[in-house]
Amino acid sequence: MVALSRSCLVSAQAMEQVESTIFAGGLPVEALMEKAGLRLVQAIERDFALSRYSRIGVLVGPGHNGGDALVVARELLLAGRTVFAYCPRTPAKPLTASHLRYFQSLGGSVSEGEALDGQADLWIDGLFGFGLTRPVTSPYAQIIDRINASGEPIAAIDLPSGLSSDGAVLGTAIRARRTYCLGLWKRGLWQDAALPYLGSAERLDLGIRDSQIQMPIAEHLLLPEMARSYLPLSRPPLAYKYSVGTVLAIAGSHQYSGAPLLVALGARAGGPGMLYLAVPESLPQRLSPELPEAIFYPCPEAANGTIADLPLDLGKFDAVVCGPGLGKIDPKLVERVVGETKGALLLDADALNVLADGLLAALTSRRAPTVLTPHAGEFKRLFGDIDLGDRLTAASEAARRSGAWIVLKGARSVVASPEGSVWVNTGGSSALARGGSGDVLSGLAGALLAQSHNETQKAMLAAVWWHAAAGEWLAGQHTVLGVDPRTLALGLLPFLVAS
Ligand SMILES: NC(=O)C1=CN([C@@H]2O[C@H](COP(=O)(O)OP(=O)(O)OC[C@H]3O[C@@H](n4cnc5c(N)ncnc54)[C@H](O)[C@@H]3O)[C@@H](O)[C@H]2O)[C@@H](O)CC1
Ligand SMILES: [K+]
């Protein structure tokens, strides 16, 4: 079991509660600040070859984030580095003020209003942490914009200043090279909106024990080691093809005649016992050479090249994937799929669009797990009144309303369970921002769902992690331009073997 402190995502308020538990337990705030500062110095020395920098500028804000920064500045000074503190306002918090005095007592130089340009070739951002409560204004906004514009690397303490701990960018924000989050992950760092500011992020452990995290935690990082531990799904020695998962994909149209192949290749990597494809009748002869193992249901076609009927029993599959490339299919067909599928049902792409209004009502009658995999556009059509500014809350609210699992795809995909848990994927690459990547995910997820006997959490967390991590891995080999959906699907298993 992964320690809660490693995976949990907290708001500023939750962090304050944890810190008050720590202080009430007897640790002085000064000690925690000193510990944070020393952890920061270690990490900064590890990540930045400090001897390469001629002048290190430490931005000191009015609160304890500034206090952390001054501990770092003092330790760098004592290590013989050329460092100065830039402190635009007298510190509001006494502890920060005393660290400023001590830094100066050691001969540390402090500057206030001078122009910043060219003053340093490495900046450490201690302006604001999780105490930021309103958009940054003068003089901080100008300082942030000038430092960003300088192009010099910035190491951010706890959060890039200007980013709220819930993820909203309040005005302007530091664009960090590296962000060192203290103690527990602040949830805002994992909203897509934070990505341009975060740089690469690391959590610095401050020795917070799970017992000190007393509030219920609903939001977690989808830690790679946790998702990886789910794969490959266990397979009993006495398996036979029908016992290890049967998955049906309902996909494709004349316009999107390749979608069924992408879904099937994604499913294949997931290792289902049987793979079935319900596609427009003109497609099988093109698809079957690539998919010798697939069993086809050729479906009558409508005038617009979409599936016009589904001549099959939808109740006999462990999992059904419906949506990729369906085009403007008759909504009644999707309603039939929702009504007649007895196993796990994953709805993606056009199945989501076509049912936008009627979908949610239809889902409530289902007993087996349902998974919706919208990207932001599909999400807006389905849940238009839910604000996507906070993707974690949005996915969770949609899951609660629909009673379905929600995979809100994006730079960092969010998985939300109907019971209220949320996971944010840590990986991902813009290499996957291509039509068809989602088809591969739907197929892979469907194959894992077919074998997971209602352990939907395992199947979905494994699928989302696997798909994104494989994409990153492949981008390393083919560049971000070279991960077309077919390369991705064919790379899923080689990635898993290598990881
Ligand atoms: N509380 C603690 O014991 C510890 C806190 N830590 C550090 O302290 C930070 C939290 O410290 P604080 O709660 O003092 O707050 P911050 O240092 O994050 O914010 C500074 C102060 O700025 C003020 N402020 C908020 N928004 C502003 C705005 N837009 N313009 C101007 N001023 C604004 C607030 O009054 C706040 O107290 C954490 O992010 C972390 O870096 C760590 O040292 C660990 C120990
Ligand atoms: K900061």
Side-chain angles (χ1 to χ4, degrees), residues 10-41 43-44 57-75 86-100 123-144 147-148 154-166 168-189 194 197-199 201-208 212:
V10 293
S11 62
Q13 191 226 342
M15 191 65 204
E16 270 160 12
Q17 277 175 31
V18 170
E19 289 193 339
S20 57
T21 303
I22 292 170
F23 303 143
L27 186 73
V29 59
E30 295 81 354
L32 187 57
M33 186 170 286
E34 198 65 18
K35 181 170 192 174
L38 297 181
R39 284 269 190 285
L40 283 161
V41 173
I44 291 168
V58 178
L59 300 172
V60 177
H64 285 175
N65 200 242
D68 292 347
L70 284 162
V71 174
V72 173
R74 178 238 299 162
E75 290 303 311
Y86 184 81
C87 191
R89 283 283 184 280
T90 311
K93 296 223 170 162
L95 180 52
T96 304
S98 67
H99 275 305
L100 181 62
W123 289 99
I124 294 170
D125 161 30
L127 287 176
F128 299 110
F130 70 72
L132 186 78
T133 52
R134 53 193 189 278
V136 290
T137 52
S138 158
Y140 301 105
Q142 288 82 343
I143 292 164
I144 290 171
I147 301 254
N148 283 342
I154 307 170
I157 296 175
D158 208 14
L159 293 128
S161 296
L163 198 64
S164 83
S165 52
D166 281 352
V169 177
L170 300 177
T172 183
I174 285 280
R175 291 177 184 275
R177 173 79 55 87
R178 196 109 169 88
T179 296
Y180 300 104
C181 190
L182 297 171
L184 302 175
W185 282 116
K186 306 322 177 281
R187 64 190 298 274
L189 297 177
Y197 302 94
L198 198 58
E202 177 183 354
R203 182 185 66 89
L204 298 185
D205 198 287
L206 295 180
I208 295 170
Q212 295 174 303

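Remember, it's 1-based here, ligands and their atoms both numbered in the order they're listed.
- When all heavy atoms of Ser11 and Ser165 are compared, the pair lying nearest together is C-OG, 4.4 Å.
- Looking at heavy atoms from C-beta onward, Leu40 lies out of side-chain contact with Val71 at the 4.5 angstrom threshold.
- Remark: side-chain polar atoms of Asp158 are paired, donor with acceptor, to backbone N or O of Leu182 under 3.5 angstrom.
- In this structure, Glu202 does not pair ionically with Arg39, as no charged nitrogen and carboxylate oxygen lie closer than 4.0 Å.
- One of the N, O or S atoms belonging to Leu159 lies under 3.4 Å away from the K ion (ligand 2).
- When rounded to 10 degrees, the angle formed at the K ion (ligand 2) by O (Ile157) and OD2 (Asp125) equals 130°.
- In summary, the atoms of ligand 1 found under 4.0 Å from a heavy atom of Asp158, numbered by their order in the structure, are 38 (C), 39 (O), 40 (C), 41 (O).
- Between the side chain of Thr179 and the backbone N or O of Ala201, no donor-acceptor pair lies under 3.5 Å.
- In this structure, atom 19 (O) of ligand 1 lies nearest to the protein heavy atom Phe128 CD2, 3.7 Å.
- Given atom 3 (O) of ligand 1, the protein heavy atom at minimum distance is Phe23 CZ, 2.7 Å.
- Contact annotation: for Lys93 versus ligand 1, heavy atoms closer than 4.0 Å belong to the side chain alone.
- Using a 4.0 Å threshold on non-hydrogen atoms, atom 35 (O) of ligand 1 does not count as touching the protein.
- Contacts between Val29 and ligand 1 below 4.0 angstrom, taking non-hydrogen atoms only, involve the side chain exclusively.
- When the heavy-atom distances from atom 9 (C) of ligand 1 to Asn65, Leu182, Val136 are ranked, the shortest goes to Asn65.
- At least one heavy atom of Pro135 sits less than 4.0 Å from an atom of ligand 1.
- Residue contacts with ligand 1, taken as heavy atom pairs separated by less than 4.0 Å, do not involve Ala92 at all.
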Using the side-chain contact (heavy atoms from CB on, under 4.5 Å) rule, take Arg187 and Val10 through it: C-alpha gap first, then chi angles, then the decisive distance, then the call. CA-CA 5 Å; Arg187 64 190 298 274; Val10 293; over 6 Å; no
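- Taking backbone and side-chain atoms together, Leu59 has no N/O/S atom less than 3.4 Å away from the K ion (ligand 2).
- Geometry about the K ion (ligand 2) gives an angle of 70° between O of Phe128 and OG of Ser161, rounded in steps of 10 degrees.
- When heavy-atom distances to ligand 1 are checked against a 4.0 Å cut-off, Leu132 comes that close through both its backbone and its side chain.
- Given atom 11 (O) of ligand 1, the protein heavy atom at minimum distance is His64 CB, 3.3 Å.
- The N/O atoms of Gly129, backbone and side chain alike, include one that comes under 3.5 Å of an N/O atom in ligand 1.
- The closest protein non-hydrogen atom to atom 40 (C) of ligand 1 is Asp68 OD2, 3.2 Å.
- The proximity of Glu19 to ligand 1, defined as any non-hydrogen pair under 4.0 Å, is limited to the side chain.
- Taking backbone and side chain together, Ala69 holds no N, O or S atom under 3.4 Å from the K ion (ligand 2).
- Every N/O-N/O distance between Tyr140 and ligand 1 stays at or above 3.5 Å.
- Thr133 counts as a contact of ligand 1, since one of its heavy atoms falls under 4.0 Å from the ligand.
- Closest heavy-atom approach to atom 25 (C) of ligand 1 within the set Pro62, Ser161, Gly131: this belongs to Gly131.
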